[in-house]
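Notes for the one structure printed next.
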Amino acid sequence: MTKDRIYMDHSGTTPIDPLVLEAMMPFLTKNYANPSSIYAEGREVRTAIDGARQQVASALNAKSNNIIFTSGGTESDNLGILGSVFSLKEKNGHIITTTIEHPAVTRTVEFLGDHGYDTTFLPVNKFGQVELDVLADAIRDDTRLISIVYGNNEVGTVQDMKEIIKLAHERDVLVHTDAVQAVAKVPIDVKDIGVDLLSLSGHKIYGPKGIGALYVRDGLKITPLQHGGGHENKLRSGTENVPGVIGLGKAMEMGETGLTTEMPRVKAMRDRLLKGLMEAQEETYLNGHPEKRLPHNAHVRFSYIEGEALLLNLDMLGIAAATGSACSSKSLKASHVLLAIGLTPEQAHGSLRLTLGKNNTDEEIDNVLEAVPAIVKKLRAMSPLGHGGQ
Amino acid sequence: MTKDRIYMDHSGTTPIDPLVLEAMMPFLTKNYANPSSIYAEGREVRTAIDGARQQVASALNAKSNNIIFTSGGTESDNLGILGSVFSLKEKNGHIITTTIEHPAVTRTVEFLGDHGYDTTFLPVNKFGQVELDVLADAIRDDTRLISIVYGNNEVGTVQDMKEIIKLAHERDVLVHTDAVQAVAKVPIDVKDIGVDLLSLSGHKIYGPKGIGALYVRDGLKITPLQHGGGHENKLRSGTENVPGVIGLGKAMEMGETGLTTEMPRVKAMRDRLLKGLMEAQEETYLNGHPEKRLPHNAHVRFSYIEGEALLLNLDMLGIAAATGSACSSKSLKASHVLLAIGLTPEQAHGSLRLTLGKNNTDEEIDNVLEAVPAIVKKLRAMSPLGHGGQ
Amino acid sequence: MYSKKVMDHFMNPRNVGEMENPDAIGEVGNPTCGDLMKMYLRIENNIIKDIKFQTFGCGAAIATSSMITELAMGKTLDEALELTRDDVADNLNGLPPVKMHCSNLSADALRAAIEDYKKKHH
Amino acid sequence: MYSKKVMDHFMNPRNVGEMENPDAIGEVGNPTCGDLMKMYLRIENNIIKDIKFQTFGCGAAIATSSMITELAMGKTLDEALELTRDDVADNLNGLPPVKMHCSNLSADALRAAIEDYKKKHH
Ligand SMILES: Cc1ncc(COP(=O)(O)O)c(C=O)c1O
Ligand SMILES: Cc1ncc(COP(=O)(O)O)c(C=O)c1O
């Protein structure tokens with residue numbers, strides 16, 4: 001990304017932090033040995049993997065043996081959900097998730113639905129929150145697993161995970177949470193919240209793409225999905241992505257520190273951005289919860305315009321952002337998350353997601369606050385709806 | 001790996017070629033965008049992925065749309081086997097594989113065996129070859145898939161894939177081949193051999209770890225195993241491991257070229273190494289086929305000694321190698337491949353695998369030819385068996 | 001994703017805006033994609049003397065709207081009626097396949113406007 | 001994987017080799033791992049005056065063989081009989097768990113040799 005471009009799509013992916021890359025470099029060059037080998041080079045790599053596993057564990061207040069490395073958040077979600085459900089004695093039953101999950105969870109639960117399980121997709125309130133009484137009503141005697149996204153990737157709503165898990169455990173139901181967006185954004189202590197399974201991904205936290213991890217609490221059995229040489233404590237086979245593992249370890253360590261050093265500044269920028277966007281023109285609305293939201297996420301909706309057109313205009317001005325518009329997705333369906341919080345398809349179309357990162361500056365916020373209102377104005381003038389059309 | 005060490009475990013893994021790493025570096029640094037994004041940075045990455053896919057395809061004489069990127073050879077094997085079998089109309093039947101597969105195939109076929117499929121593990125002859133008449137006899141009317149390793153990762157035997165596939169197709173049976181070790185070692189033309197599915201892995205061909213690909217021939221349907229955002233033409237979800245993909249593309253391109261530029265020199269070194277090892281002492285035997293073998297693989301067996309002890313001694317002398325000894329494996333079981341070619345457990349123990357690479361030198365061959373016989377002599381002198389013990 | 005031509009028409013749309021007292025208006029929408037197009041015509045002697053559009057929609061929707069106004073301007077109604085979705089896409093040097101059916105509504109909008117005119121002047 | 005002490009005993013095994021006319025021989029093998037150990041004793045006045053071993057096996061098997069010869073040398077037969085697998089492992093600063101049961105046979109080999117001696121001199 002050239003210096004003059006402004007990158008505000010950190011929920012899409014993040015650059016690799018230079019310190020993370022520095023930690024990875026030896027493993028992309030001289031330390032290339034296979035960690036399963038018994039010679040010195042292999043043992044050295046094995047030790048490094050152990051260290052990275054400890055880094056990931058520590059950042060979550062877990063232990064090394066709770067951590068399974070995977071190829072990313074998607075695999076972690078698949079393994080967390082299918083692996084735990086398949087290892088239960090009962091070969092069917094009921095699975096609960098929400099209407100605002102990432103496809104990695106939605107499609108996986110649907111897969112279970114296609115294979116003999118009952119599934120419930122819980123509605124959320126207009127802020128994108130799972131309501132505890134709605135959840136309580138949905139739990140059945142044969143409910144096996146509840147999977148709820150910790151921090152939503154679109155509107156940024158953060159769930160009351162501790163209460164959700166408490167409720168689930170009172171009813172003896174396992175809980176998986178997709179924390180791909182929440183890790184390194186909000187403090188997460190797996191012991192404190194008591195979660196059973198938690199997914200995370202490298203490339204959302206200044207680590208590399210193609211690596212992720214699944215936390216599995218002590219004593220919980222999961223069935224492996226990928227069969228082979230028995231790597232990762234026999235739970236996930238495949239030669240270890242060593243540079244990825246090392247990068248994820250470092251990124252988790254840095255992410256934990258960044259919660260106090262970086263995140264307050266990011267949140268302050270985000271707050272100023274949100275305020276500025278809301279004040280710049282009429283009929284502009286916040287999506288998601290005003291307080292219980294990921295600290296880097298600004299998600300706003302402008303009536304009468306369409307998101308792809310907004311993004312392309314921003315792109316021409318050098319600003320990288322995301323939208324909930326169907327027109328920018330392959331499926332051409334409006335964001336299921338925005339529909340779930342009660343927007344009409346037309347409303348969903350006009351949404352803009354700006355997700356900040358530690359490299360963003362106040363000056364960039366100023367630039368975006370200048371650019372967006374001008375584009376909204378231009379597009380509204382073209383629109384047959386609302387202001388433009390009347 | 002320090003310069004004075006000698007690395008001869010290229011079937012375990014390979015260093016990343018500096019040119020491969022050079023191709024990857026932009027994607028580990030500035031080109032970090034998510035290829036699914038619509039802004040300029042994302043489109044640029046998408047274009048790069050398309051280019052890498054073309055590189056992989058070209059090296060196999062396939063087309064871009066035949067290539068699915070995965071997290072490695074293990075995932076490719078899982079997806080190739082399970083994905084193709086699960087997409088068939090018939091929900092059971094018969095699967096054929098061999099007794100010399102990598103665990104990524106063995107365990108996957110066993111998984112099918114545990115889930116209602118009949119499985120046959122074909123024996124091989126003493127050279128590690130699948131015999132066509134044995135295969136022909138094993139095929140049943142309800143045989144759905146045959147999975148056979150192209151070049152064996154231990155003894156290096158290369159199968160007559162074209163004949164195997166011809167036979168299978170005459171009987172309307174799909175063929176998957178695990179070509180993780182064969183790619184970039186022997187020429188592979190998927191059109192010419194007519195294979196249906198083929199697995200490969202980055203880190204065996206001077207590419208990165210944690211990336212692989214599955215070739216799927218035109219018109220063949222597979223069922224995805226990893227559910228999510230529908231990446232990889234809806235067949236394998238998960239944010240693309242972009243640096244890995246780019247690295248694999250470059251590695252495949254270089255591997256293709258290397259078949260004529262590097263491999264003859266590697267093979268000549270291997271031949272000299274094998275000859276030297278066989279001549280250095282009595283009761284030394286070649287494992288695998290004398291000609292139909294991977295050009296970089298030297299696999300020999302020394303009576304009366306045990307492989308882990310041999311490896312550790314080599315390691316102390318700075319030589320990295322592998323063995324078929326149980327004692328160096330986590331399971332403590334002797335190599336199933338060596339047992340399959342007819343060795344006793346005691347014989348299997350005394351095997352040494354040296355797999356050469358393009359960075360090995362004639363001088364290193366000299367060093368190994370000096371080191372191994374001395375160690376064999378020393379260990380035999382300690383041994384209560386054979387020479388030592390009598 | 002989009003051709004240079006598409007981006008040009010999208011960023012600098014021709015004939016955009018509302019028309020005062022048009023002779024005809026056509027409006028179409030595609031529920032799948034949520035695009036909405038409004039086409040205004042000024043017609044003299046069965047010739048399109050002026051044309052304007054308003055579009056709620058993605059880049060392709062805006063670009064195709066702009067393109068059809070260029071294609072239709074000055075044409076007779078019968079000539080204009082022959083303009084197809086493919087004409088629009090071709091003149092834009094192509095559209096992403098997924099957008100071909102979704103956002104390529106401008107020929108329909110033009111047709112709707114012409115029909116509106118014919119109905120009124122029947 | 002292996003401690004320094006194990007590697008030392010493995011690379012420089014003490015008391016390795018065959019013994020001419022030993023007073024006793026013990027031989028044990030572990031079919032799982034394929035290790036085979038042979039222990040030779042020279043005994044005077046119930047004291048182990050000399051001990052030698054031959055081992056077919058992995059690093060741990062060789063190191064434990066070497067270690068037990070050091071531990072047994074000079075001991076009375078009764079003292080030597082009290083040496084356990086754990087003594088061997090402890091004196092080597094530990095063994096990898098997987099090798100504890102598999103390759104830690106040297107105490108058994110020593111016991112077999114002593115029993116061989118007792119049988120002969122009963
Ligand atoms: C909430 C959430 N879950 C899962 C994923 C998938 O993770 P990955 O991109 O590593 O496959 C993502 C990111 O795309 C995400 O935002
Ligand atoms: C023949 C064979 N198949 C499959 C694999 C697994 O590939 P990966 O290490 O990329 O998971 C390997 C390497 O370990 C192999 O040698």
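Each chain gets a letter, A, B and so on, in the order its sequence line appears, and its residues count up from 1. Only this structure's heavy atoms are used, side chains among them; waters, hydrogens and symmetry mates stay out.
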* To do: Heavy-atom distances under 4.5 Å only: say whether B:Leu312 touches chain D with side chain, backbone, both or neither.
  => both
Check each atom of [X] against the heavy atoms of chain B and say whether the ones under 4.5 Å are side chain, backbone, both or neither.
X       : result
D:Ile62 : side chain
D:Pro96 : neither
D:Ala60 : backbone

* Asked: Is a salt bridge present between D:Lys49 and D:Asp23, judged by a nitrogen-to-oxygen distance below 4.0 Å?
  ->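 Answer for the salt bridge query: no.
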* Charged N-O contact under 4.0 Å between B:Glu308 and D:Lys99 ->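 Answer for the salt bridge query: yes.
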* Do you know which of B:Leu310, B:Asn313, B:Leu379 has the most heavy-atom pairs under 4.5 Å to chain D? -> B:Asn313
* Under 3.5 Å, is there a donor-acceptor pair linking the side chains of B:Tyr304 and B:Glu346? ->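 No, B:Glu346 and B:Tyr304 have no side-chain donor paired with an acceptor closer than 3.5 Å.
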* Asked: Are any side-chain N or O atoms of D:Asp116 and backbone N or O atoms of D:Ile25, one a donor and one an acceptor, separated by less than 3.5 Å?
  -> yes
* To do: Give a yes or no answer on whether the side chain of D:Lys38 reaches the backbone of D:Thr55 with a donor-acceptor pair at less than 3.5 Å.
  =>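 No; judged by distance alone, with no hydrogens or angles, the pair does not exist.
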